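Since the structure comes first, as structure tokens, the remarks are kept for the end.
One is the number of the first residue; the rest follow in order along the sequence. The model shown is predicted, which means the values in this text are computed figures rather than measured ones.
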Amino acid sequence: MKTILSIVAFFAGVLFSYAQHIEKKIFFVSTNAGHINWSRGTAGTTLKDGGFCIGGLTEFEFPDGSQTPEIKEQNFVFKIDSLYNVVWIDTSQIMDTENKNYKVYSVFQTSDSGIIADKIVRVGGVVDPSELFKFENDGALIWNKPLSDSNYYSGLKITSGEMVNDTLLYSALHVSPLTFNSFHPILLILNSNGDTLSIKDSVDLRCQENSVIQIVKDHTNQLYCILERDSTIIHKINSDGSIISTTAIGALMYNEKIIPISPERFVKADYNLKYFNFYDYNSTLLDSVNFGIYIAAAYKGWSSTLLADFLYFGSTPSYLGRSLIQMDSTGTIMWGFTHDENISQVIQTSENEFVLLGTAYDTTILKMGVLFEKITKPNFNRTLSIPDSVLCNNDSILISAPSGYTYNWNNGDTSQEIYVSSSGNYFALIIDSEGFFTYSDTATITNSNTIGPELGADTILCLIDSILLDAGNGFATYQWSTGSSAQFINISDSLETITQYFVTVADSNGCVFTDSIQIQFATCTNINEIVNDEIEIYPNPTTGILFINFKSSLSGSITIYDQSGKEIVSKEINKNQNTVDLYTLPSGIYNCIYIDAFSKKRQLIKFVKK
């Protein structure tokens, strides 16, 4: 019932507005009858007037100062305004003995601005019935009603609650007073005045007796009834409790939890094995993520997202500590927040705002109080200095993350800028000064795989010869040391010279390649005058077989060179052996030099291999 703040309960709070995106306050709940040990917030809701209503549990020693004080607990509900001032508090009956499971499971505000909360009243140490309390927005008690079903069971204990359009749905258990290991799952549907509209038992819910029951809703207000025993059943239900569809999965392990996040997906989280498995409601595994770190708890978020509170131990990154992380419906991390609190509940109140409820230690008065911490997701700058890029051969690329953060790159670097010299995906975990973190964009680096020009080995030519230099096709630009910007240049000289020729090319990615060749022109003293009527070759161009037609000559030798001056084929020929097999040669222009066996006359013929 409502009590006067100055008579029964004492609040003290310390507000730490220590960061731009964090507002934190610790409330301490006690009574005149006892000495506070700790207080914990377990449920809450935003209010239409900008305030917030918090429900929870406090433990105290009674009577205060006794040498052998009795430990007692008490549920509470209180409202704070938008400036975090306590407006009112309500406390229920004091429970007989300590049991830290008797928390407030839900707090709702109805369309008429009333506030409804569930609380536990312990009766005789046997049955722990839940009661519903409805308050005016100013804290005045409108009604309180025991949660019961006179036709079936009495003394029901709430395990969860949801509200959709002023319809209240509570999952509850009735523990048999004769056999404490026997309990019965119940789903109750009430209106905003606490009147029973409908009751569903194990028969209606198509489940085994002694099943554990929970009612949840996703961000679309779709309701789910989850029942666990030898197997786990997920019912999609309407607000009147009627079943839309059913998904049956295997029995859950001790540390596993089912979290529906959308009408298309639910999550099975294993807190010990550190993974999230994402399923559709045909029990088809869609995505699986193993974070390699311990999961303290998981909660549903907006827009098919999941909120997870992670613990870090041992070799896990000490720069993160304990972290609250929001991930999308595939398990991809969207952002996170490091903290050192004991969280009982995380409530997403808007697209970018979240409230953390739990318990926190205040070092000034050395007590554990109710934690209320509102965090606002910052507007992260995730942009890297370059998007996807191509890595040129034997080169490196500079990638810069945005300034103002600390950094942990996926290659192990911790600086703002990194140089990379191999292909791959590069991104950084960026962490701001308040402990918020996210991943930067990803820069995908690929190798160019472009082969640069190959002008061939240095060569010596006769003064009467020439050579065609080819830088290769497919480049965006060409620049020769002669000033030419063409793919080919033809080199000849009438003087004895030694010249180094360079070419620089660039591909479409901007990768630059160079090559050079040294060409020496010399007087050839042992070669007779070149003639042009000793032989003829055909076909020209040729696709493979080159035929030699002897005109005035009877026999000799034939040598074929490529345009770099490299000898390709050398063969003795005559009228009976007058073919050369060139099938294996690549396409190009070739020089054929014939030397007559008797006169030593020399003939140069150019031909094309297709």
| said: Can you confirm whether or not the ring centre of Tyr405 sits under 6.0 Å from the ring centre of Phe436? | reply: no
| task | Ignoring hydrogens and angles, tell me if any N or O in the side chain of Asp328 forms a donor-acceptor pair with the backbone of Thr330 under 3.5 Å. | result | yes
| query | Do the charged groups of Lys24 and Glu341 touch, with an N to O distance under 4.0 Å? | reply | yes
| task | Assert yes or no for the condition that the ring centre distance of Tyr419 to Trp409 is strictly below 6.0 Å. | result | no
| Around Ile386, counting heavy atoms of other residues, nucleotides and ligands shown, do more than 12 lie under 6.0 Å from its CD1? | yes
| For residues 536-592, which residue pairs qualify under ring pair (Phe, Tyr, Trp, His ring centres under 6.0 Å), counting only residues two or more places apart or in two chains? | Tyr538-Phe547, Tyr590-Phe607
| request: Look only at the side chain of Thr247 and the backbone of Tyr281, and say whether a donor-acceptor pair between them is shorter than 3.5 Å. | output: yes
| field | Worked verdict on Ile325 versus Phe437 for side chain to side chain contact (heavy atoms under 4.5 Å, CB included) | value | CA-CA 9 Å; Ile325 292 173; Phe437 59 88; 3.8 Å; yes
| message | One thing to verify: whether Asp280 and Arg265 come together as a salt bridge, which I'm taking to mean a side-chain N less than 4.0 angstrom from a carboxylate O. | response | no
| field | Side chain Gln348, main chain Ser350, donor-acceptor under 3.5 Å | value | yes
| Relative to each other, are the rings of Phe266 and Tyr279 parallel, tilted or perpendicular (30° and 60° limits)? | parallel
| query | Charged N to carboxylate O under 4.0 angstrom, Lys300 versus Glu162? | reply | yes
May I have the list of side-chain donor-acceptor pairs in residues 501-513 shorter than 3.5 Å, sequence neighbours left out?
residue : atom : partner : partner atom : Å
Asp507  : OD1  : Asn509  : N            : 2.9
Asp507  : OD1  : Gly510  : N            : 3.1
Asp507  : OD1  : Cys511  : N            : 2.9
Asp507  : OD2  : Thr450  : OG1          : 2.8

| note | Closest non-hydrogen atoms of Pro402 and Asn381, given as atom of the first, atom of the second and distance, are CG-O, 2.9 Å
| field | Steps toward side chain to side chain contact (heavy atoms under 4.5 Å, CB included) verdict (Ile535, Ile605) | value | CA-CA 9 Å; Ile535 63 170; Ile605 305 174; 4.1 Å; yes
| Does anything in residues 574-591 pair up under salt bridge (Lys or Arg N to Asp or Glu O under 4.0 Å), and if so which pairs, sequence neighbours excluded? | none
| Counting only N and O atoms by type, is there a donor-acceptor contact under 3.5 Å from the side chain of His235 to the main-chain atoms of Leu205? | yes
| Shortest non-hydrogen contact from Cys592 to Ile558? | SG-CD1, 3.0 Å
| request: Supply the atom-to-atom distance Asn449 CG to Asn393 CG, rounded to the nearest 0.5 angstrom. | output: 8.0 Å
| request: For Gln326 and Tyr299, run side chain to side chain donor-acceptor pair (under 3.5 Å): C-alpha distance rounded to whole Å, both residues' side-chain angles, the deciding distance at 0.1 Å, then the answer. | output: CA-CA 9 Å; Gln326 187 172 30; Tyr299 314 91; over 6 Å; no
